[in-house]
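Quick note: residue numbers are just sequence positions, from 1. Just so it is clear, the structure is predicted and the values come from calculations on it, not from any experiment.
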Amino acid sequence: MTSVILAGTEDSDNELAAETPGQYQHITTLSEMSQPDLALLKKLVNVTPTDSKKSAADMLDALILGVHIIVQHCRHLKYVKQIVVFTDFDHPIDWQDFDEVSKMLKTNDIALVVIRADAGSPVKSENKSVKEENEQQWKQLVETTEQGAIYSLEEAYETASAFRTKEVRPTPAFRGFLQLGDPKQYPDTSLAISVFMYARTYEYRLPSAKKWSALSDTAEDLPASELTHQVTMERRYKLKPSNYTGRKGTDADGDDNEADQGEPAASGAGQQESTDNDTSKQDEPGAEVAETDLERAYMYGKTVLKLSEEEERYLQLETEPGMTILGFFKADQLPRDYLMANVYVITAGAHNKESASTAIAALSHALYEKQAVALARYVSRANSAPKLGVLMPYHAPDIHVLHFAQVPFAEDIRQFTYSSLDRIVMASGKVITEDHPLLPTPDMLDSMETFVQNMSLMDLPQKNGEHGEYLVPEDTYNPAPWRLNEAIKMRALNEAAPVPDTHPTLAQELRMVPELEEKNKDHIEKMKELFKIKKVDVKAAKKRGYGAGRERDGAQPQEGAGMPSVEDIISSQVDGQTKKVKVEDQASYDAAMQSMLKKDVRDISSVNPVADFKAMIANTNEDLVTEAVDKMGKMVITLVTTSFGDQYYSKAMDCLKTMRSTAAEALQEDEAGAFNQHLYQLRSECDINNPNSRRLDFWKQMKDQHMTLITKDESKDADVANVTKEDADNFLSGTGTTTAPAISSEKEDTDYMDTDNLLDMLE
């Protein structure tokens with residue numbers, strides 16, 4: 001709490017001047033003792049200094065007035081009391097009451113801090129003696145008080161702007177008893193220890209802005225000085241139509257309303273009875289109903305179930321505040337990730353404090369000696385949900401207390417299993433711990449261990465030039481509240497002030513330490529070579545779409561990016577023998593896996609058509625090359641014609657590349673002609689001669705990637721013997737033959753449409 005006194009004003013407005021006329025002149029009490037707020041800050045900014053010699057005041061009188069205000073306000077209560085004097089030492093002061101003032105400061109335990117505001121100002125010869133005397137007297141007066149000091153204005157500003165930990169007066173989060181044993185069943189052997197529980201670590205949360213709005217109060221045309229900008233909640237209840245059966249309905253005026261999921265529904269869904277005499281009006285749909293006329297009901301599916309207060313009280317779990325020890329177990333059996341929420345300190349309570357302190361210390365020492373923790377049930381207040389936690393010992397010089405940390409119930413734990421990093425379990429049950437592509441080598445382990453040791457924060461250069469621990473929790477501050485407070489201070493007096501940048505000290509803590517970066521630079525390059533780390537390039541984010549092929553993550557890797565390299569080998573146990581398959585891309589990987597798993601793929605789906613196509617080609621039991629090319633061509637046409645914008649274009653292009661490569665390289669099958677047939681059909685579907693065609697974008701992609709006919713130079717297929725390179729170029733430009741030449745064997749399947757696979761993706 002602060003009171004501001006101005007010395008040297010033209011008027012005299014203070015309590016002592018009114019009581020003793022002629023004294024304490026030209027001193028004004030700007031604000032009474034109260035919490036400092038924005039109004040006080042604006043008053044200080046609007047104070048106009050004066051150089052008139054007629055308004056000169058005695059600074060010692062102002063100091064006496066300050067002592068008087070503190071004594072009147074604090075009385076005998078325990079306060080940390082301090083007077084801060086801003087002065088330039090230039091004006092004469094009557095020091096006859098020096099001893100009395102010194103005695104008053106000592107008696108009331110008031111610290112005196114003097115801040116010199118004369119730094120750099122020239123000193124006139126006639127004021128030199130006055131300045132020296134004032135400086136000497138202020139220095140002696142400060143030395144008579146505890147924690148008194150004299151600072152320059154620059155030193156005071158730096159001290160006020162320095163980072164500091166905010167001291168919060170500890171308030172018990174729980175006052176009650178710690179039960180050891182059941183007092184009802186074993187009243188003679190159970191133990192109840194009076195305890196207080198304080199927060200040891202607590203998450204700092206920024207103040208919410210949900211209750212402040214620039215639009216609040218503006219509708220009432222209030223002056224700016226009366227605007228509070230406070231947001232309040234107003235809840236109204238209206239009757240639904242009598243035929244209302246769902247969660248969503250329409251009021252009589254036609255406005256759509258939806259009941260809150262967490263709020264009870266009005267009983268009767270429009271059949272609410274009213275105690276008012278005019279029931280006909282209040283029973284109309286859309287009429288407002290008083291909250292006192294409602295009965296609590298909850299939605300159970302589409303049915304409204306009404307619960308009376310007696311039924312709710314019966315179903316509610318009745319609990320009593322307290323903490324009960326359920327059992328003990330070894331500390332190493334407590335998973336570290338089970339600790340949740342905040343940590344609290346449990347100390348002796350007010351009831352029989354000495355015995356409670358001895359009991360807490362004995363329990364803490366016993367847990368420490370046995371390397372154990374206690375499992376406890378905790379209820380903070382009556383009828384609140386119980387919590388489960390562990391009591392852990394904490395020992396320091398002359399301190400023996402308990403720490404309480406909340407742990408989850410069995411129903412709250414979700415088990416997730418991950419592959420082992422140090423062993424591989426084969427399908428046959430054989431366990432491999434070394435010499436496997438998916439296991440780290442000894443060189444990798446040594447390299448990572450060296451890297452971890454080099455990243456230690458325990459011996460880094462400090463601001464004072466020495467070496468020590470970096471980012472000590474006690475000296476590391478959160479930049480978010482600092483920036484918020486700075487923004488509030490700047491906007492308090494200037495609404496157009498910009499949001500301040502992060503403090504350089506805080507910004508430095510968010511960046512990599514230069515010493516560590518330089519120290520590990522060469523080692524990181526060696527690790528990249530050892531671990532074969534490569535950069536993965538990704539495509540730009542695509543538009544959101546619906547149905548098959550939707551890019552859910554916003555970006556897809558380029559062809560071959562992030563996939564296993566050619567050197568990667570997949571091992572699998574098939575019929576007791578190890579097969580090794582070289583993998584060049586994800587589609588080959590899927591096809592190889594399907595082949596090793598003996599999955600007989602006989603159809604091409606829209607989910608992963610390339611993998612299905614390669615699986616059909618790799619079928620060793622039956623020749624499915626012709627059928628695979630035919631179905632793949634029709635799948636491409638389906639993807640292009642059903643694509644929402646360019647949603648499926650990339651998948652269709654991948655299918656074309658795979659199918660063209662297979663058809664051109666096939667030696668025993670004549671599939672090049674079939675591929676060209678599908679390209680002609682695709683060009684017809686794209687309608688490239690129509691400037692308004694919706695599929696011209698896909699045909700442009702085909703031109704850019706030169707996806708054209710298979711020529712006679714690329715394949716020995718008799719059906720492409722007359723296709724030249726010029727024909728392939730004219731095909732893309734649309735100037736060549738518009739109809740596909742006949743091939744020796746053509747299979748029609750007009751009923752083919754992979755609608756099932758497409759519907760699977762419509763989610």
Could you check if a side-chain atom of Leu506 sits within less than 4.5 angstrom of a side-chain atom of Trp482, using non-hydrogen atoms only?
yes

Is any side-chain heavy atom of Arg377 closer than 4.5 Å to one of Thr319?
yes

Determine whether Val431 and Ile424 make a side-chain contact, defined as any pair of heavy atoms from C-beta on separated by less than 4.5 Å.
no

A quick test of your reading: do over 12 heavy atoms of other residues, nucleotides or ligands sit less than 6.0 Å from CD of Gln316?
yes

Looking at side-chain heavy atoms only, is the closest gap between Leu326 and Leu388 below 4.5 Å?
yes

Measure the CZ-OG1 distance between Phe163 and Thr165 for me, rounded to the nearest 0.5 Å.
11.0 Å

Using ring pair (Phe, Tyr, Trp, His ring centres under 6.0 Å) as the criterion, point out the one residue from Tyr198, Tyr378, Phe196 that pairs with Phe174.
Tyr378

Hey, are the side chains of Lys106 and Thr144 touching, using non-hydrogen atoms and a 4.5 Å cut-off?
yes

Can you see whether Tyr344 has Arg200 sitting over its ring - NZ or CZ less than 6.0 Å from the centre and within 45° of the normal?
no

Less than 4.5 Å apart, any side-chain heavy atom of His467 and any of Leu460?
no

List the steps and the verdict of salt bridge (charged side-chain N to carboxylate O under 4.0 Å, His left out) for Glu203 and Arg205.
CA-CA 6 Å; Glu203 179 186 1; Arg205 296 181 180 178; 3.6 Å; yes

Scan the side chains in residues 389-413 for donor-acceptor partners under 3.5 Å anywhere in the protein, sequence neighbours excluded, and list what turns up.
from: His395; atom 1: ND1; to: His400; atom 2: ND1; distance (Å): 2.6
from: His395; atom 1: NE2; to: Ser364; atom 2: O; distance (Å): 3.4
from: His395; atom 1: NE2; to: Ser364; atom 2: OG; distance (Å): 3.4
from: Asp412; atom 1: OD2; to: Phe409; atom 2: N; distance (Å): 3.3

Is any side-chain heavy atom of Phe177 closer than 4.5 Å to one of Ile193?
no

Quick check: are there more than 12 heavy atoms from other residues, nucleotides or ligands sitting under 6.0 Å from CD of Gln147?
no

Check this for me, if you would: do Arg483 and Glu486 make a salt bridge, where the nitrogen-to-carboxylate-oxygen distance has to be below 4.0 angstrom?
no

Would you say that more than 12 heavy atoms from the other residues, nucleotides or ligands in this model lie under 6.0 Å from the CG of Leu421, or not?
no

Heavy atoms from other residues, nucleotides or ligands near CZ of Arg381 exceed 12 (cutoff 6.0 Å)
no

Can you establish whether the number of heavy atoms outside Glu309 located under 6.0 Å from its atom CD is more than 12?
no

Paired with Phe328, the side chain to side chain contact (heavy atoms under 4.5 Å, CB included) test is passed by just one of Leu375, Leu367, Val373, namely Leu367

Between Arg296 and Tyr298, does any side-chain donor sit less than 3.5 Å from a side-chain acceptor?
yes

How about CD on Glu312, more than 12 heavy atoms from neighbouring residues, nucleotides or ligands closer than 6.0 Å, or not?
yes

Worked check of salt bridge (charged side-chain N to carboxylate O under 4.0 Å, His left out) between Glu234 and Arg236:
CA-CA 7 Å; Glu234 181 180 351; Arg236 297 180 181 179; 3.0 Å; yes

Compute whether any side-chain donor of one residue and acceptor of the other, for Asp443 and Thr441, lie under 3.5 angstrom apart.
no

Can you establish whether the number of heavy atoms outside Arg491 located under 6.0 Å from its atom CZ is more than 12?
yes

For Asn520 and Leu516, the nearest pair of non-hydrogen atoms, with its separation, is ND2-O, 2.8 Å

